[in-house]
Amino acid sequence: MTSEAAATSYLAEGLSLRSWLTTHDHKRIAILYGFSITLFFFLGGIAAALIRLELATPQGDLVTADTYNKLFTAHGVIMVWLFLIPSIPSVLGNFLLPMMIGARDLAFPRLNLASWYFYLAGGAVTLWALLVGGVDTGWTFYTPFSSMFSNSNVVLALVGVLIVGFSSIMTGLNFIVTVHTMRAPGLGWFRLPLFVWANYATSLILVLATPVLGMTLILVGIERLFQVGIFDPALGGDPLLFQHLFWFYSHPAVYIMVLPAMGVASEIIPCFARKRVFGYRFMAYAILGIAVIGFLVWGHHMFVSGQSVYAGMVFSLLSFMVAIPSAIKVFNWTATLYKGRITFSAPMLYALGFVGLFTVGGLTGLFLAALALDVHLSDTYFVVAHFHYIMVGGSVMAYLGGVHFWWPKVTGRLYPEAWGRVAALIIFAGFNLTFFPQYLLGYEGMPRRYHSYPEEFQALHLLSTAGAATLAVGYLLPLFYLGWSLKFGKRAGPNPWAATGLEWQTDSPPPPHNFASQPVVTGEPYAYTP
Amino acid sequence: MNTGFHLLPVSASSAAARLDPLALAVLLLTGAVALAVTVLIVVFCVRYRASSDADRSGAPTRNRVLEVFWTVTPLLLFFGIYAWGAIDYARLYQAAPDAMPVFVVAKQWMWKAQHRNGRREVGELHLPLGRPVRLVMTSQDVIHSLFVPAFRIKQDLVPGRYTSIAFTPTVAGEYRLFCAEYCGTEHAMMGGRVVVLPPAEFARWLRAGPSEPGLAARGFALFRRYGCSGCHAAGSSVHAPDLNGLLGRRVHLQDGRELTADEGYVRDSILLPQKDVVAGYQPIMPSFAGQIDEEDLLAIIDYLREGAHDE
């Protein structure tokens, strides 16, 4: 940058709506994604709030059974496909991946913009299906209920999710090609930040698994519309075939949600511990290990489905194996803290919260991987608690940590630190109050997807509902203080955290093409000294 | 009924007695790991906070021995839990030879059960105390799942096939029965109760029902009504396999396979007769798909059970 006047940021590049909606800049597309997924997060959150309110009493007294069924379907569909899956990759990944590897943009900027339009179109169709009449199948669309018995907007919802799937594939493809072809001189594979590794592995899953989901949804639509026997035994189909196909996507989808979160934690923890991440190579291999083994464990969703006992035994063993790389990561984050110089800014609080909650979520996964235990716990609140610890305690905590960590880079402003810390603590407390009681509910035998329930479960349900109210406050807070900081926050400067990643070696907010000159990498990542 | 707040559900079956120790073992193991990680994070966070002047010399960024250790140790422990869980799981599907079969048919949104003497019930399931039981189950419409928390058992009921689960009730009493697989509008209301009675009382209960013929007798009537006997009776002129005491028999198939005839095999042979053709016979049997309802099918199958003819 030769003079102050020439230093326009990507934000000042064009202010019209048109300049935003036709942008090819990965940073601007990231922001488009950011707004969209935030909208869907709060829509899904409203559905969750109504569910928790209904469950405050044993009787089904707030909404009807059908409405309740449509609410948990809407909550699941929105949170999984319209928030969690795009969250970290499409917002933080889109913004950061090119910057972290010293590139001007993603490999296919137009495809990147197209992916956002597909996402938006799919989101609109899905929302239409969910709001006009609703869908009552649950986000899992189990056949033959979804294909032959439900009287709700199933086909429209399938079409919406199918379209969103294309945006996933486009993003995945773009990231893979970008990481392979556009790394800065000197940036070898084992010099990549772990956030890049995580998004790379996630992209492989997106590209390999999403088409299977798309085909499965099309088959459900064909059976529903034309009564072609695929999944309904009354037509000669096989309902378990649907479960195999669905989980072949939907189990790897869990890793689509959590691998990028691991990437975020792996950036934040070394920065605030002022220490190189412990066991970098094991961390990178663990990411790849999770991505690969994650494709081989889908049958653990089907231990009581009637699938063969021997299949159950193989899937159980593989499910224990996939826990190993996750355990390695937790141990390595912990070891990174050893002999560090630790400060507790909001991103670090979120990252530590992520490690704790992810650990609990992962360890309770071992209960479900153990066959006989799963027979009792499957389809109860234990499962609900387990996957919320991974997806909300894990992924959402990490996403918020990442939003705070890179907020100065994205906006050029600092967020108010005290508010950031308070929100992180409220979310951590509210989360545990909401979901820990659900483990107990599950072991006691409370089935999931119940509109009303026996009275002996009420005490724990009430705790959970109180936690949800706390959590709602925690999630709304950042909306206000981050919004406030856009106008009133202190100027950040290029590198407020004294971080080592390439993205910090340029202005905040960055210029349209990220770097004034091509960066050259000469050393390993995370060159922090305590 | 077991109402009131309690941390552990009551334990009232052989499966429950095996499961709680496994759950406790996994809880102790995972609890120890969670505690260790938490303690280490807290200790490091306090000791190496920015304002402390703790010694930071020689901070390691990797340690192969340590990393291999914390990879292999959990792996070995996991193998242990895996084997424990897998063995107990297998037992749920290996019924004792003298296990009493009870037939359960689910539909939106009710449970129907029938016992071999012909006694039927809706929304309830009566079982004898201390006797091995095997539930043979199917659904008339969508997937349901039979869940009895006090027994720690759960098994999906899948339309178009039989699933089964075996256990022994060990404590007399009444327990909740839930549907655990989401099945539509009244999924949450698809409950019921399981009543475990001491053997003598159970026998009395079995006899007390409306006097209906036994399941096998009803099956025999159906066997004739649907014309099965026309070909499968001993003196028939049509070349069809003899079905006397079919269940449990080894069957050799035309394509070289060999299997033990169970409820699922007989069901498929009635509804999909071309699927498993018996060696030495022509595939001439017509399909009865869509003509016989689930409860009648179970009655016909019970008639073909070994020894049913003598009862």
Side-chain angles (χ1 to χ4, degrees), chain A residues 65-66 69 138 142 144-145 149 233-234 239-240 275-276 278-279 282 304-306 309 312-313 316-317 320 323-324 327-328 330-331 334 337-343 352 355-356 359-360 363 366-367 370-373 375-376 378-379 440 444-445 447 449-456 459 530, chain B residues 3-5 7 9 18-19 22-23 26 30 33-34 37-38 40-41 44-45 48-50 56 59-62 67 70-71 74-75 78 81-82 84-86 88-90 92-93 141-143 145 147 149 152-156 158-161 163 176 178 180-188:
Chain A
D66 273 326
N69 296 342
Y142 264 29
F145 181 73
F149 289 84
L240 291 198
K275 197 154 154 280
R276 185 166 202 253
F278 186 88
F282 265 64
V304 297
S305 70
V309 173
M313 288 182 177
S316 168
L317 186 62
F320 279 105
I324 295 291
I328 292 174
V330 169
F331 298 147
T334 307
L337 299 171
Y338 177 62
K339 293 199 170 184
R341 187 172 296 279
I342 305 167
T343 49
L352 292 173
V355 174
T359 303
V360 174
L363 289 171
L366 297 176
F367 286 76
L371 284 158
L373 272 177
V375 169
H376 177 55
S378 176
D379 281 316
L440 304 176
E444 284 178 27
R449 296 174 166 178
Y450 265 36
H451 168 233
S452 54
Y453 56 84
E455 278 175 12
E456 65 256 32
Chain B
T3 53
F5 180 85
L7 212 54
R18 293 194 299 263
L19 187 96
L22 172 60
V26 181
T30 56
V33 175
V37 169
T38 310
L40 281 175
I41 289 179
F44 291 162
C45 281
Y48 299 110
R49 66 192 185 279
R56 291 170 170 95
T61 56
R62 61 173 214 191
E67 288 174 79
W70 71 38
T71 305
L75 193 64
F78 288 177
I81 305 173
Y82 161 74
W84 189 347
D88 282 352
Y89 177 72
L92 292 172
Y93 301 99
D141 39 46
V142 303
I143 300 174
S145 189
F147 178 30
R152 312 288 190 276
I153 57 152
K154 185 182 292 115
Q155 177 61 52
D156 286 5
V158 184
R161 71 173 70 184
T163 53
R176 289 196 192 283
F178 292 117
E181 185 64 66
Y182 174 69
C183 57
T185 307
E186 290 182 36
H187 168 56

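Computed from a predicted model, the values in this text were never measured in an experiment. Chain identifiers are assigned alphabetically (A, B, ...) following the order of the sequence lines, protein sequences preceding nucleic acid strands; residue numbering begins at 1 within each chain.
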Measure the shortest side-chain to side-chain distance between [X] and [Y] over non-hydrogen atoms and say whether it is less than 4.5 angstrom.
X      : Y      : value
A/P530 : A/I342 : no
A/F149 : A/P144 : yes
B/Y48  : A/L337 : no

State the [atom1]-[atom2] distance between [X] and [Y], to the nearest 0.5 angstrom.
X      : Y      : atom1 : atom2 : result
A/F282 : A/F331 : CZ    : CZ    : 12.5 Å
A/T334 : A/Y338 : OG1   : OH    : 14.0 Å
A/D379 : B/E181 : CG    : CD    : 4.5 Å
B/T61  : A/F278 : OG1   : CZ    : 7.5 Å
A/L371 : B/D88  : CG    : CG    : 10.0 Å
B/L19  : B/I153 : CG    : CD1   : 11.5 Å

For each of [options], tally heavy-atom pairs with chain B at distances under 4.5 Å, and name the one with the top tally.
options                        : value
A/G306, A/A65, A/G340          : A/G340
A/A327, A/G312, A/G356, A/S378 : A/S378
A/A370, A/A234, A/S305         : A/S305
A/G445, A/G138, A/P239         : A/G445
A/L240, A/T359, A/L317, A/D66  : A/L317

Residue among [options] with most heavy-atom pairs under 4.5 Å to chain A:
options                      : answer
B/F147, B/W84, B/F44, B/Y93  : B/F44
B/H187, B/R49, B/R62         : B/H187
B/A90, B/S145, B/P74, B/P159 : B/P159
B/V33, B/L40, B/T71          : B/T71
B/A59, B/G160, B/A50         : B/A50

Contact part of A/F320 toward chain B, heavy-atom cut-off under 4.5 Å: side chain, backbone, both or neither?
both
Residue A/V309 versus chain B: region with a heavy atom under 4.5 Å
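Both backbone and side chain.
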Tell me, for [X] versus chain A, whether the close heavy atoms (under 4.5 Å) come from the side chain, the backbone, both or neither.
X      : answer
B/L75  : both
B/T185 : both
B/V26  : both
B/F178 : both
B/R18  : neither

Go through B/D156 and B/T163 one step at a time and tell me if the side-chain contact (heavy atoms from CB on, under 4.5 Å) criterion holds.
CA-CA 7 Å; B/D156 286 5; B/T163 53; 5.7 Å; no
How would you list, by chain and number, every residue that makes a side-chain hydrogen bond (donor to acceptor under 3.5 Å, both in side chains) with A/Y142, sequence neighbours excluded?
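Applying side-chain hydrogen bond (donor to acceptor under 3.5 Å, both in side chains) to A/Y142 gives A/W247.
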